[in-house]
Amino acid sequence: MAISPMHHRVLIVGGGSAGISVAARLRRAGVDDVAMIEPAQTHYYQPLWTLVGGGCAPAAESARPESSVMPKGIAWIKDSAEQVDADSQVVTTASGVRVGYDYLVMCPGIQLDWGKVAGMADALATPAVSSNYTYDLAPKTWERIRSLRRGTAVFTMPAGPIKCAGAPQKITYLAADYWRQQDVLGDIRVVLVLPTPAMFGVKVFSDELERVVAHYGIEVHKNSELVEVDADGRQAVIADNSADTKDAIGYDFMHVVPPQSAPDWVKATDLADPASPAGYVEIDKHTLQHTRYPNVYALGDAGSSPNSKTGAAIRKQATVVATNLQATMGDTTPTARYDGYASCPLTTAQDKMLLAEFDYSMQPAPSIPFIDTTKERKDMWYLKRYGLPALYWNLMLTGRA
Ligand SMILES: Cc1cc2nc3c(=O)[nH]c(=O)nc-3n(C[C@H](O)[C@H](O)[C@H](O)COP(=O)(O)OP(=O)(O)OC[C@H]3O[C@@H](n4cnc5c(N)ncnc54)[C@H](O)[C@@H]3O)c2cc1C
């Protein structure tokens with residue numbers, strides 16, 4: 001194998017939640033010569049964007065300089081990865097630099113496919129439509145929720161895996177609770193559009209969420225998705241996939257969540273799962289090692305493991321990847337296993353939350369003893385607002401959680 005001009009023993013692509021967590025763990029374990037390709041100057045704690053949209057936190061609190069979270073001793077390549085040649089073990093960046101590696105960790109996150117729903121991208125430029133899925137738009141969500149006094153508010157979730165599948169519902173409940181407090185909920189038709197047949201994939205949480213939507217009087221359209229937006233006419237076209245029908249709903253405010261898939265450049269690499277059009281990096285769901293290239297691992301939103309795509313999942317995955325990668329580097333079999341754990345802190349009111357924790361078995365997997373987190377609770381709200389961000393910045397990103 002020809003040595004590329006630049007070469008590192010371990011190369012990490014993406015310095016988001018997953019990349020920084022793994023890098024910190026590898027450095028703590030004494031692994032040398034670790035480089036990271038990451039173009040962004042700012043690191044975001046995206047789970048806060050739900051609270052920003054709900055008027056419960058300032059956006060700026062979710063952002064810190066990337067340099068402040070980059071672990072010491074990591075060679076930061078400030079560029080975007082654009083191609084991977086897994087046979088030659090080289091990643092090429094947008095500016096044409098070729099970076100060779102012995103071991104590769106892929107975690108460049110997920111792509112927001114705004115263009116997949118006709119009219120959605122254009123609608124975001126109008127005052128009535130917003131999304132918590134970007135840092136810039138989350139404050140607009142709150143502006144619109146705060147100013148709405150009557151009319152129809154539509155909240156949508158797309159089909160297919162997305163990051164934080166609970167986020168489309170969380171903002172619905174935060175908005176409904178705010179309108180209840182303002183005594184205008186009775187004048188607002190709140191419509192929640194879900195692609196799934198149930199409120200949640202785990203029955204105990206689904207039952208609790210049925211109770212929450214009944215409490216607010218939210219009209220839920222299951223097995224349904226947004227397929228077109230007429231921004232000028234403020235009409236949302238909703239397809240009911242079980243009845244095979246389409247209906248237009250006029251809206252005064254709409255919160256949209258885009259369909260999502262692996263970044264296009266990842267789909268085009270040898271690392272992508274050839275059987276899946278979503279193109280995620282094809283890994284074993286337990287060891288997180290690539291199924292065809294043993295010197296490659298992936299985790300986070302870009303990996304093909306069928307867990308719920310959340311930061312909580314990454315907290316567990318990072319340990320498994322760091323442990324198994326070191327085993328591979330030492331020519332031993334990777335034995336650490338990820339069990340699919342994910343958690344979703346579902347904000348059900350401006351001061352209440354239920355913590356849905358589950359794994360590949362789709363059974364509850366509680367991690368907090370003596371507390372029933374399957375029901376909405378006030379103490380859990382403080383965990384979401386203050387506890388989890390502190391855990392993220394201080395422990396997870398430093399390789400200690
Ligand atoms: C509104 C919202 C609410 C959420 N709520 C929760 C929650 O309550 N709980 C929870 O656990 N999770 C939640 N999540 C999900 C969580 O934020 C993600 O699952 C997590 O950030 C994924 O981490 P990642 O490292 O895979 O991707 P990211 O954190 O998105 O990081 C990807 C990184 O890769 C970089 N990158 C992109 N392209 C390239 C390239 N070509 N080359 C190199 N680097 C590149 C990016 O700049 C970025 O730094 C939420 C997400 C959103 C949007």
Side-chain angles (χ1 to χ4, degrees), residues 11-23 35-54 57 59 62-64 66 69-70 76-84 91-95 99 105-112 130-135 137-138 141 157 161-171 174 255 257-258 260 262-266 268-269 280-281 298-303 305 307-318 321 341-347 353 355-357 380 383-385 388-389 391-392 396-397:
L11 180 61
I12 301 173
V13 174
S17 304
I20 296 293
S21 301
V22 169
M36 180 181 290
I37 302 180
E38 166 58 64
Q41 293 294 337
T42 308
H43 183 103
Y44 295 104
Y45 175 61
Q46 300 170 33
L48 203 74
W49 296 349
T50 292
L51 298 188
V52 173
S62 69
R64 291 195 186 175
E66 183 75 25
V69 297
M70 189 65 65
W76 179 9
I77 302 165
K78 296 175 185 167
D79 206 341
S80 297
E82 214 170 61
Q83 275 175 19
V84 180
V91 175
T92 307
T93 70
S95 57
V99 189
V105 180
M106 288 288 287
C107 40
I110 204 164
Q111 176 171 285
L112 303 176
S130 190
S131 178
N132 287 345
Y133 273 67
T134 74
Y135 177 75
L137 285 169
T141 305
M157 175 181 178
I162 60 169
K163 51 181 161 186
C164 195
Q169 290 191 47
K170 296 180 205 179
I171 189 59
L174 289 176
H255 179 272
V257 176
Q260 294 166 39
D264 286 342
W265 69 270
V266 172
T269 65
Y280 297 109
V281 179
L299 75 163
D301 294 350
S305 49
N307 54 278
S308 175
K309 293 185 183 296
T310 58
I314 291 166
R315 190 161 59 83
K316 302 282 185 179
Q317 292 178 338
V321 168
Y341 173 89
S343 78
C344 187
L346 284 149
T347 49
M353 189 192 97
L355 186 63
E357 294 178 286
M380 284 293 108
L383 179 74
K384 167 78 183 161
R385 177 64 186 89
L388 293 175
L391 175 85
Y392 182 77
M396 187 168 146
L397 293 189

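Since the model is a prediction, treat every value here as computed from it, not as a measurement. Counting convention: from 1, in listed order, for ligands and their atoms alike.
Using a distance-only test at 3.5 Å, with no hydrogens or angles considered, a donor-acceptor pair links the side chain of K309 to the main chain of D301. A side-chain donor-acceptor contact under 3.5 Å links H255 to the backbone of N132. In terms of modelled atom types and a separation under 3.5 Å, the side chain of S131 and the main chain of Y133 share a donor-acceptor contact. Panel note: side chain E357, backbone A342; no donor-acceptor pair is recorded below 3.5 Å. Judged purely by atom type and a 3.5 angstrom limit, Q260 uses its side chain to pair as donor or acceptor with the backbone of P258. With hydrogens and angles disregarded, no donor-acceptor distance shorter than 3.5 Å links the side chain of W49 to the backbone of T134. Judged purely by atom type and a 3.5 angstrom limit, E38 uses its side chain to pair as donor or acceptor with the backbone of G15. Between the S130 side chain and the T141 main chain, a donor and an acceptor come within less than 3.5 Å of each other.
Near S80, meaning under 4.0 Å from one of its heavy atoms, ligand 1 places the atoms 41 (N), 42 (N). Atoms of ligand 1 lying under 4.0 Å from any heavy atom of E38, numbered from 1 in the order shown and given with element: 33 (C), 34 (O), 35 (C), 46 (C), 47 (O), 48 (C), 49 (O). Interface of G109 with ligand 1, defined as ligand atoms under 4.0 Å from a residue heavy atom, comprises 26 (O), 27 (O), 32 (C). Heavy-atom proximity to P39, at under 4.0 Å, picks out these atoms of ligand 1: 43 (C), 44 (N), 45 (C). Listed by number with element, the atoms of ligand 1 under 4.0 Å from a non-hydrogen atom of P345 are 7 (C), 8 (O), 9 (N). Contact atoms of ligand 1 toward I314: 20 (C), 22 (C), 23 (O), 24 (P), 26 (O) (distance under 4.0 Å to a heavy atom of the residue). Counting the atoms of ligand 1 from 1 in the order shown, those under 4.0 Å from a heavy atom of A40 are 47 (O). Each of the following atoms of ligand 1 lies closer than 4.0 Å to a heavy atom of G300: 26 (O).
Atom 42 (N) of ligand 1 has its closest protein heavy atom at A81 N, 2.9 Å. Nearest protein heavy-atom contact of atom 12 (N) of ligand 1 is G311 N, 3.1 Å. Looking only at protein heavy atoms, the nearest one to atom 43 (C) of ligand 1 is I37 O, 3.4 Å. Atom 26 (O) of ligand 1 has its closest protein heavy atom at D301 N, 2.9 Å. For atom 31 (O) of ligand 1, the closest heavy atom belonging to the protein is G16 CA, 3.2 Å. Looking only at protein heavy atoms, the nearest one to atom 21 (O) of ligand 1 is S17 OG, 3.2 Å. With hydrogens left out, the protein atom closest to atom 8 (O) of ligand 1 is K170 NZ, 2.8 Å, a heavy atom. From the protein, the heavy atom lying nearest to atom 1 (C) of ligand 1 is N132 O, 3.5 Å.
Using a 4.0 Å cutoff on heavy atoms, K384 counts as a contact of ligand 1. Not a single heavy atom of P263 sits closer than 4.0 Å to an atom of ligand 1. At a 4.0 Å cut-off, not a single heavy atom of Y45 sits close enough to ligand 1 to count as contact. Judged by the shortest distance from any of its heavy atoms, E66 lies outside the 4.0 Å radius around the atoms of ligand 1.
A donor and an acceptor atom, one from each side chain of Y135 and T42, are nowhere located under 3.5 Å apart. Side-chain polar atoms of D79 and S95 form a donor-acceptor pair below 3.5 angstrom. Of the N and O atoms on the side chains of K163 and Q46, at least one donor lies less than 3.5 Å from an acceptor on the other residue.
On a distance-only criterion, L299 and ligand 1 share no N/O pair closer than 3.5 Å. Note: no N/O pair closer than 3.5 Å links T50 and ligand 1 by distance alone. Below 3.5 Å of separation, one finds no N or O of A302 facing any N or O of ligand 1. Between W265 and ligand 1, at least one pair of N/O atoms sits closer than 3.5 Å.
For atom 34 (O) of ligand 1, the nearest non-hydrogen atom from the set G166, P108, S343 comes from P108. For atom 14 (N) of ligand 1, the candidate residues are C164, A342, G53; the nearest heavy-atom contact is made by C164.
Heavy atoms from both the backbone and the side chain of Q46 come within less than 4.0 Å of ligand 1. Contact annotation for P47 and ligand 1: heavy atoms of both the backbone and the side chain come within less than 4.0 Å of the ligand.
Checked against salt bridge (charged side-chain N to carboxylate O under 4.0 Å, His left out), R315 has no partners two or more places apart in sequence or in another chain. With sequence neighbours left out, the ring-ring contact (aromatic ring centres under 6.0 Å, His included) criterion links Y341 to no other residue.
H43 is listed as a side-chain neighbour of I20, based on a closest heavy-atom distance under 4.5 Å.
Atom CG of L299 and atom CD of Q317 lie 5.0 Å apart (nearest 0.5 Å). Put simply, SG on C344 and CE on M353 are 9.0 Å apart, with the number rounded to the nearest 0.5 Å.
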